[in-house]
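Below you'll find the structure, written out as structure tokens, and then a few comments.
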Amino acid sequence: MKIATYNVNGIGARLPVLLRWLREAKPDVVCLQELKAPQERFPAEALQQEGYHAVWHGQKSWNGVAILARGAEPKLTRRGLPGDPEDEQSRYIEATVKEVLIGCLYLPNGNPAPGPKFDYKLQWFERLSAHAHELLSSGVPVILAGDYNVIPTDLDAYKPERLIDDALFRPATRSAFHALLAQGWTDAVRTTYPSDRVYTFWDYFRNAFDRDAGMRIDHLLLSPQLVSRLVTAGVDRNVRGWEKTSDHAPVWIELTDDPA
DNA sequence: ATGTCTGCAAGGTGCAGA
């Protein structure tokens, strides 16, 4: 079972790239972020023709998340994170696919920091951590996948020393991420590649991809029941080199089909 | 500070957000 996360940066502009990647990579489950499309403009039919059923949480102009499943209907369990009924931003969707609970998230960027956007990031992170703790307590196998907008360690960025004040790397951001992991979650890509540089995002600016000036900010966290089922993980870097591509690349893991 | 994209409301360009 192959599960991927991919920040598409606008599903309208990115549909040809998304469909080509689905055809080539054949993931079973896909978490998408940054749809930048309202609920009624999600390309459900085009995805269905590729064999994918979907649940999604759209928003005009910004944000937006979706979960796709190949040959199966994702069973929606929640839209939006609990903890703030005033929050209008579409950044979380959750569904069950083949007995695994999939949480698809788009954590706020938070720049410029400090400031109200950074405050919102940290508040959203607290709500995510509270919900993640509930999910662990439920005893169900869970994957929390998405664009965390977190660079976990120095190894995860091209020049970390330049990112001291960046909302993706500030101490408060990193400590929130490490506290989340400490609940009992496993960072699947870092576990698979303990000391390699693995990037998932390259800025559109200054030929960042050609210079491999990237960062690792898209993550798949596994609940304890799933760790022994982790076979391998990877980043489809080549997709970042395609025409009209996102600034993120798809990130994926492979799990054994059944509990050991 | 810079750089480059997307989507939007206009309106054939400029804005916010990333």
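- Rounded to whole Å, the separation between the P atoms of B:dG12 and B:dA1 comes to 31 Å.
- Judged as a side-chain contact (heavy atoms from CB on, under 4.5 Å), and not counting sequence neighbours, the contacts of A:R79 are A:Q39, A:H57, A:L76, A:I93.
- Scanning residues 155-171 of chain A for heavy-atom distances under 4.0 Å to DNA chain B yields an empty list.
- Spacing between B:dG3 and B:dG14 at atom P, rounded to whole Å, works out to 15 Å.
- The salt bridge (Lys or Arg N to Asp or Glu O under 4.0 Å) test applied to A:E45 returns no partner, not counting sequence neighbours.
- More than 12 heavy atoms of other residues, nucleotides or ligands lie within 6.0 Å of CZ in A:R78, so this atom counts as buried by the packing criterion.
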Encode nucleotides 7-18 of chain B as B, S and - characters from 5' to 3', where the letter depends on protein heavy atoms closer than 4.0 Å: B to the base, S only to sugar-phosphate, - to neither.
SSS-------BB
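- Evaluation of the side-chain hydrogen bond (donor to acceptor under 3.5 Å, both in side chains) rule for A:K36 yields A:N9 as partners, not counting sequence neighbours.
- Under the rule for a side-chain contact (heavy atoms from CB on, under 4.5 Å), the partners of A:E50 that lie at least two apart in sequence or sit in another chain are A:L19, A:R23, A:Y52.
- Screening residues 163-174 of chain A for side-chain hydrogen bond (donor to acceptor under 3.5 Å, both in side chains), with sequence neighbours left out, gives A:N111-A:D166.
- For the C1' atoms, the distance linking B:dA10 with B:dC15 amounts to 11 Å, nearest Å.
- Protein atom NZ of A:K244 is 15 Å distant from nucleotide atom P of B:dT4, rounded to whole Å.
- With sequence neighbours excluded, the residues satisfying side-chain hydrogen bond (donor to acceptor under 3.5 Å, both in side chains) with A:T153 are A:D156.
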With a cut-off of 3.5 Å and sequence neighbours excluded, list every side-chain donor-acceptor pair involving residues 136-148 of chain A.
| from | atom 1 | to | atom 2 | distance (Å) |
| --- | --- | --- | --- | --- |
| A:S137 | OG | A:H133 | O | 2.9 |
| A:S138 | OG | A:L135 | O | 2.6 |
| A:S138 | OG | A:V140 | N | 3.3 |
| A:D147 | OD1 | A:N149 | N | 3.0 |
| A:D147 | OD2 | A:N7 | ND2 | 2.9 |
| A:Y148 | OH | A:L144 | O | 2.9 |

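- Rounded to the nearest Å, the gap between the P atom of B:dA16 and that of B:dG11 is 16 Å.
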